[in-house]
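Every chain is numbered from 1 and lettered A, B, ... according to where its sequence line falls, protein lines coming before strand lines.
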Amino acid sequence: MEPVSRVSGRMAPLDRADVDTDQIIPKQFLKRIERTGYGPFLFFDWRAPGDFVLDRPEHAGAAVLVTGANFGCGSSREHAPWALRDFGFKAIISPSFADIFLANCYKTGLLAVTLPERQVRHLIDLASEDPSAQVTVDLEKQEVRGEGFAYRFEIDAFARECLLGGLDEIGLVERHKSAIAAYEAGRATWLPAVK
Amino acid sequence: MSEANKAQESKEEYERAGRTSHVELEYYRSGRAVGCVSGTNFGRRVCVELSFPMPKTLAQKLWDSHVVRVAPGEPDLLYVDLHLVHEVTSPQAFEGLRLSGRRVRRPDLSLATMDHNVPTQGGVRAADDLSRRQMETLAENCRREGIPLYQIGSRRQGIVHVIGPELGLTQPGMLIVCGDSHTSTHGAFGALAFGIGTSEVELVLATQCLPQKRLGDLAVTISGELPLGVTAKDIVLGLIGRTGTSLGQGHLVEYRGSTIKGLSMEGRMTICNMSIEWGAKAGMVAPDETTFKYLEGRPSAPKGEAWESALEYWRSLATDPEAPFDAEISIDASQLEPHVTWGTNPGQVAPVTGRVPQPRSDTDERALKYMDLLAGTALADIAIDRVFIGSCTNARLEDLRAAAQVIKGRHVHPKVRAMVVPGSTSVKRAAEDEGLDLVFKAAGFEWRNAGCSMCLGMNPDILAPGERCASTSNRNFEGRQGSGGRTHLMSPPMAAAAAVTGHVVDVRELL
């Protein structure tokens, strides 16, 4: 994974709560066996009628998605962060994320950041009123800042370290091979194996 | 009396005897409290070391028993006992392994099946090239890595969360993961089970381990006798109606109480299955005689002496008295009614005797517009076009029996197209052995082959735009069952009743 330390750019507002992963990438696009190529299908059903907020010219090329609470609920499909990344988003700001989605974002190198509802509201309003407003999501300083504001965010320390270092998590776990083998040797004998 | 209280009492006794004392306890995450009682005994300084186990929740016991490694500032490294794999979320994980030159560490602790996009009628040929390519890719990956695969056409094929339990592979005390959010189903056996993303699938394939940050503990206590016509599905829908869609975030949930004790394994699976719909990482029920009876004799269950050893361990898997939960929710099951969703998330739900509520948020307003419903409409007046009895939530034998009981001697409404998709090939076989297929077919239901089918519509079983469906599945998200389709979640008997009457109806009127 490429290291992620800072994302700067314009914001696109998606002022909805409880956005589920079925909306982010509908099931008919889960049949690909690759990790890429999902961008055109992001929010497919919501974009179909035209004039969807993300398709408005003023938001083209936005790097940061600002959106409502419980973003990414539902299905565990990692295709959702893949689609957001393919579309061009490098960071997402929301008051809260569903657990599996958040883990998937970290693995994808998508910088998912939580801020209090009031601050997210400010960012959504700002993005709507002034689509050219620039924002920086700074993982190193744990800060979202723009003209006239700087919001501190909390993030899991280990996830932060992995993102900043672009660490290969499998490689990290493999370093503990002897601990894994020792655990394995002590497993109860009745535990099932698949035949 | 708890160990902590005992320590406190010894301290008081000590003080009564004219001795000064001081208790210092340091708590360790290994689940033991270690500390020291020190003081003076007639001028002489003494110190007695204490060490006793802390009371733990079931979830903590399951977690602690799978810890391979703990390090400050890092997530715990957990060992996975069973990794379930299906065609949709695994191809990129296998590809990742291949690109990095890694192999699957424990193919014998992995099991693959095809369920998400399999056709449910007309033979084993996938309906489209992409689905076929995905299934072939899974078969090829499993062949290369030596992972057992129950593919389409196999006697053991079925929805991944239905076949694990029925094969006896899902057992108390295990840690089970799968690239699917409804993996929480397996928690019904007193297992720690949760869904993971594709990168995590790759990580588990390579290492059989998963780093996880410790989570909070929630208790949901459900007591009282379930009224006639009210099922496990209504318990969990009623619960989500109260909690909303995200209260469970960052938590492991234990479902407990007399109602849960009285439920079958099937009912417990239905409840644990929908834990994710209120945001919980996992849901679980402590194993008991019902669990053991269900497991005994199943193909992968321990046999003979191994069974006895397992049983002894499994009986220890209960929350200790006084173990702390972060929060507790209580539900009186005796007051529950059959529930039905009216909106586009499972929290937008009401008793079937109620009405479509006034919108309280933008989300509600959007939902009503999408569902083409007006606030104030009686739920029982909502006409439906389709009925789907299936999914990992409600397509086990007990679910089909409950639906058949309502259907028997009746006929599907002429305006309704209804189908039953058994959760697995063996559920289908068992249902046919009892003649349930004949009941459904005689009533005008389509009797299909096993798969996820119209729960998520990855195969040809989908709703047309604008069609309204009474569904026993788990998600009523926009377009979930087909672009523009409208889903009302309910129990199998409620869906059966809707099929007969052509509208949402209180099943109790038909019992």
Are A:D156 and B:K213 close enough for a salt bridge, meaning some N to O gap below 4.0 Å? yes
Using non-hydrogen atoms only, which part of B:L215 is less than 4.5 Å away from chain A: side chain, backbone, both, or neither? neither
Salt bridge or not between A:E184 and B:R105? Use side-chain N to carboxylate O under 4.0 Å. yes
Short N-O contact, A:K107 and B:E202, less than 4.0 angstrom: no
Could you verify whether a donor N or O on one side chain and an acceptor N or O on the other, from A:E78 and B:S199, lie under 3.5 Å apart? yes
Are side-chain N/O atoms of B:D180 and A:S76 paired as donor and acceptor at under 3.5 Å? no
Got a salt bridge between B:R133 and A:E34, using NZ or NE/NH1/NH2 to carboxylate O under 4.0 Å? yes
A:D22/B:R480 ion pair, N-O < 4.0 Å: yes
Looking just at side-chain N and O atoms, do A:D18 and B:T363 make a donor-acceptor pair shorter than 3.5 Å? no
Taking A:D168 first and then B:R102, would you say they form a salt bridge - that is, a charged N and a carboxylate O separated by under 4.0 Å? yes
Do A:V194 and B:L109 come close enough that some side-chain heavy atom pair is under 4.5 Å? no
Does this structure show an ion pair linking B:D81 with A:R187, if we count only N-O contacts that are shorter than 4.0 Å? yes
At what distance, to the nearest 0.5 angstrom, does OG1 of B:T183 lie from CD1 of A:I100? 7.5 Å
Region of B:I276 that comes under 4.5 Å of a non-hydrogen atom in chain A: side chain
With no hydrogens and no angle check, do the side chains of B:E478 and A:W46 hold a donor and an acceptor under 3.5 Å apart? yes
Portion of B:H66 that has a non-hydrogen atom of chain A nearer than 4.5 angstrom: both
Main-chain N/O of B:M458 paired with A:K31 side-chain donor or acceptor, under 3.5 Å: yes
Counting heavy-atom pairs under 4.5 Å to chain A, which of B:G250, B:G248, B:P299 comes out on top? B:G250
